[in-house]
Amino acid sequence: MDMTALRAEQVATAGKVIRHDDYAFTSPTIIAGADVGFEQGGEVTRAAIALLRFPTLELIEYRIARINTTMPYIPGFLSFREYPALLAAWDQLTQRPDLLFVDGHGISHPRRLGVASHFGLLVDQPTIGVAKRRLCGRFEPLSDEAGAKAPLMDKGERLAWVWRSKIRCNPLFISTGHRVGMDSALHWVQQCMRGYRLPEPTRWADAVASNRTAFQRWEQGRGEPDFFDLE
DNA sequence: GCGACAG
DNA sequence: ATCTTGTCGC
């Protein structure tokens, strides 16, 4: 693969990302979480998208897609590896969320095109990047209390909020994906917290993708009528 | 040249 | 990301 060409594509595509609020709702009705994982030694890429009602945060729908992996993981080029599977899961949804949380960075990326921004642009949806680790930029040390935050700075730009969502946990990196300003991004993420380090949409997407126990209880409760058309 | 480096 | 058991601390 031609890294030079991909790098140029990122710079060009990043120019189309909308970094401010550009959505109609005052309060969202549906917020989704997206998660990507790998199976069979990495040969298969699996994407999961979970839709939650807002503000109750109850799971209302989920979709899982599996496709053959096309690219290896290379820091800075994550979106090219993950978006095909995300698009496949997205196309299966019967309804669109108002907001989508994507695992990984948005504009807090060397060329300002993390997976949250790239995917948001592809489906023209408001997205927020929720990353667990830093990719680029610097920030002042955070105090220990839950709620502590500091701006992530890179080359004079404020790219994300480094936010300690829970005491004794490493902070999260909340950034603009597409069509959601940095402050709003943090705001909506904060509205989706329920006592864990990660927001509910992200946790559900992960639970659904890895068939976690909490998800299995939900699956049980819905009576498994359409066990087959779910993936 | 050396270290950093989302998932 | 994924492979994987127990274990230390609140």
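Computed from a prediction, not measured in an experiment: that's the story for all the values here. Note on naming: letters A, B, ... go to the chains in the order of the sequence lines (proteins, then strands), and numbering restarts at 1 for each one. These values consider heavy atoms only, across backbone and side chains, with no hydrogens, waters or symmetry-generated copies.
Taken residue by residue, residues 131-139 of chain A places heavy atoms nearer than 4.0 Å to DNA chain B at A/A131, A/K132, A/R133, A/R134, A/L135. Near-neighbour residues of DNA chain B inside residues 114-122 of chain A, defined by a heavy atom below 4.0 Å, number-ordered: A/G114, A/V115.
With sequence neighbours left out, A/V11 forms a side chain to side chain contact (heavy atoms under 4.5 Å, CB included) with A/R111. Under the rule for a side-chain hydrogen bond (donor to acceptor under 3.5 Å, both in side chains), A/D91 has no partner lying at least two apart in sequence or in another chain. In this view, A/N170 satisfies the side-chain hydrogen bond (donor to acceptor under 3.5 Å, both in side chains) rule with no residue, not counting sequence neighbours.
Nucleotides of DNA chain B that come within less than 4.0 Å of any heavy atom of chain A span, from the 5' end to the 3' end, B/dA4 to B/dG7.
DNA chain B contains no stems of three or more consecutive Watson-Crick or G-U pairs with both distances under 3.5 Å.
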Requested in this report: Under 3.5 Å for both distances, Watson-Crick or G-U wobble, that's the pair rule; now give the dot-bracket for DNA chain C, with | marking pairs to another strand and [ ] for crossing ones.
Outcome: ..........
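The salt bridge (charged side-chain N to carboxylate O under 4.0 Å, His left out) analysis of residues 3-21 of chain A, with sequence neighbours excluded, yields the pairs A/R19-A/E157. Pairs engaging residues 94-105 of chain A under the salt bridge (charged side-chain N to carboxylate O under 4.0 Å, His left out) rule: A/D103-A/K132 [sequence neighbours left out].
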Please list, pair by pair, any protein nitrogen or oxygen found under 3.5 Å from a nitrogen or oxygen in nucleotides 2-6 of chain C.
none

Give me the distances for all protein-to-nucleotides 8-10 of chain C N/O pairs that come in under 3.5 Å?
| unit_1 | atom_1 | unit_2 | atom_2 | d |
| --- | --- | --- | --- | --- |
| C/dC10 | O3' | A/R168 | NH2 | 3.3 |

